[in-house]
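See below for the structure under consideration.
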Amino acid sequence: MNYLKKVTLAVFAFMFSMALQAQDRNPGSVGIGAQFGQPTGLSVKVYNPNGMSTDILAAWDLNDFFFLNIHGLIENHIGSSGRLHYFVGPGAFAGIRDTGGESLSDQDFEAGISGNFGLNIIFGTIEVFGQVTPRLKLTDGTAGAVGGGAGIRFYLP
């Protein structure tokens, strides 16, 4: 392993250990990270321990797709450690897919309602989560789908 790789690994290990020792999320803290799954994208959460937290997922591919999913989530502790939670909440989604044409009529727009439930574990200012997101499309007819994924967020102090 060359010197640069060793230094990079040491810095990452130090930062991770500091995050594990850091103070937990505070009310109003903003977590920024990524979700990997269906869809994969940027995940942002505004934490509210006394009510609904706001969870936003923005996903896209650079050519023909943009998707936005917003949920209100209520978290509850599992066990006595305060680190493991389950969460559940309602939401909505909207997405645009370019079907290859030149005009706006060549774009498909979808919107509907969704739900979100899953588990998360907190390590200081780091949240690791897994979730399932059932969706009901309400535009151009109705259709159901299930998405979700796993991800990580880092909370800003």
Side-chain angles (χ1 to χ4, degrees), residues 1-97 110-138 144-157:
M1 186 182 297
N2 70 28
Y3 179 74
L4 184 59
K5 287 182 183 178
K6 288 180 184 178
V7 169
T8 303
L9 183 59
V11 168
F12 178 75
F14 175 75
M15 290 174 60
F16 189 72
S17 69
M18 293 302 291
L20 290 177
Q21 296 172 12
Q23 182 180 4
D24 289 339
R25 304 173 295 174
N26 294 314
S29 293
V30 175
I32 300 173
Q35 173 180 304
F36 305 96
Q38 184 59 31
T40 295
L42 174 68
S43 177
V44 176
K45 182 175 177 182
V46 179
Y47 177 61
N48 180 2
N50 300 318
M52 251 186 211
S53 296
T54 302
D55 178 50
I56 302 168
L57 175 67
W60 62 92
D61 74 22
L62 297 177
N63 294 322
D64 61 2
F65 175 74
F66 178 77
F67 178 86
L68 188 65
N69 205 35
I70 300 173
H71 287 102
L73 298 178
I74 296 177
E75 289 184 36
N76 290 300
H77 295 293
I78 298 174
S80 61
S81 75
R83 300 269 177 227
L84 183 63
H85 304 91
Y86 72 90
F87 56 86
V88 62
F93 70 93
I96 298 172
R97 180 176 305 277
E110 292 185 358
I113 58 174
S114 59
N116 197 353
F117 61 92
L119 298 172
N120 66 10
I121 188 164
I122 308 301
F123 302 104
T125 57
I126 297 173
E127 174 185 12
V128 177
F129 64 92
Q131 60 191 16
V132 176
T133 309
R135 293 187 283 269
L136 179 63
K137 181 180 86 159
L138 299 174
V146 177
I152 187 167
R153 291 186 197 101
F154 298 90
Y155 282 84
L156 306 173

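The structure presented is a predicted model; accordingly, all values stated were derived computationally and were not measured.
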Roughly how far, to the nearest 0.5 Å, is [atom2] of [Y] from [atom1] of [X]?
X      : Y      : atom1 : atom2 : answer
Ile96  : Glu110 : CD1   : CD    : 10.5 Å
Ile126 : Arg25  : CD1   : CZ    : 12.5 Å
Thr54  : His71  : OG1   : NE2   : 11.5 Å
Asn69  : Ile56  : CG    : CD1   : 10.0 Å
Ile122 : Leu84  : CD1   : CG    : 9.0 Å
Tyr47  : Asn26  : OH    : CG    : 9.0 Å

>> Checking Lys137 against Phe93 for the side-chain contact (heavy atoms from CB on, under 4.5 Å) test, could you report, in this order, the C-alpha distance in whole Å, the side-chain angles of both residues, the deciding distance, and whether it holds?
In response: CA-CA 8 Å; Lys137 181 180 86 159; Phe93 70 93; 4.2 Å; yes

>> Using the rule given for side-chain contact (heavy atoms from CB on, under 4.5 Å), can you reason through Phe129 versus Gln35, listing the C-alpha separation, both sets of side-chain angles and the distance that settles it, and then say yes or no?
In response: CA-CA 9 Å; Phe129 64 92; Gln35 173 180 304; 4.0 Å; yes

Specify the closest pair of heavy atoms between [X] and [Y], including all atoms of both residues, with the distance to one decimal.
X      : Y      : value
Ser114 : Thr133 : CB-CG2, 4.2 Å
Phe36  : Ala34  : CZ-CB, 3.7 Å
His77  : Gly82  : ND1-CA, 3.3 Å
Ala59  : Thr40  : CB-O, 3.2 Å
Leu57  : Pro39  : CD2-CG, 3.8 Å
Val146 : Arg135 : C-NH2, 4.5 Å

>> Against the six-membered ring of Phe87, is Lys45 placed for a cation-pi contact (under 6.0 Å from the centre, within 45° of the normal)?
In response: yes

> Taking only residues two or more places apart in sequence or in another chain, which ones pass salt bridge (Lys or Arg N to Asp or Glu O under 4.0 Å) with Arg153?
Replying inline: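 With neighbours one apart ignored, the set is Asp55, Glu127.
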
> Are Tyr86 and Phe117 close enough that some pair of their side-chain heavy atoms sits under 4.5 Å apart?
Replying inline: no

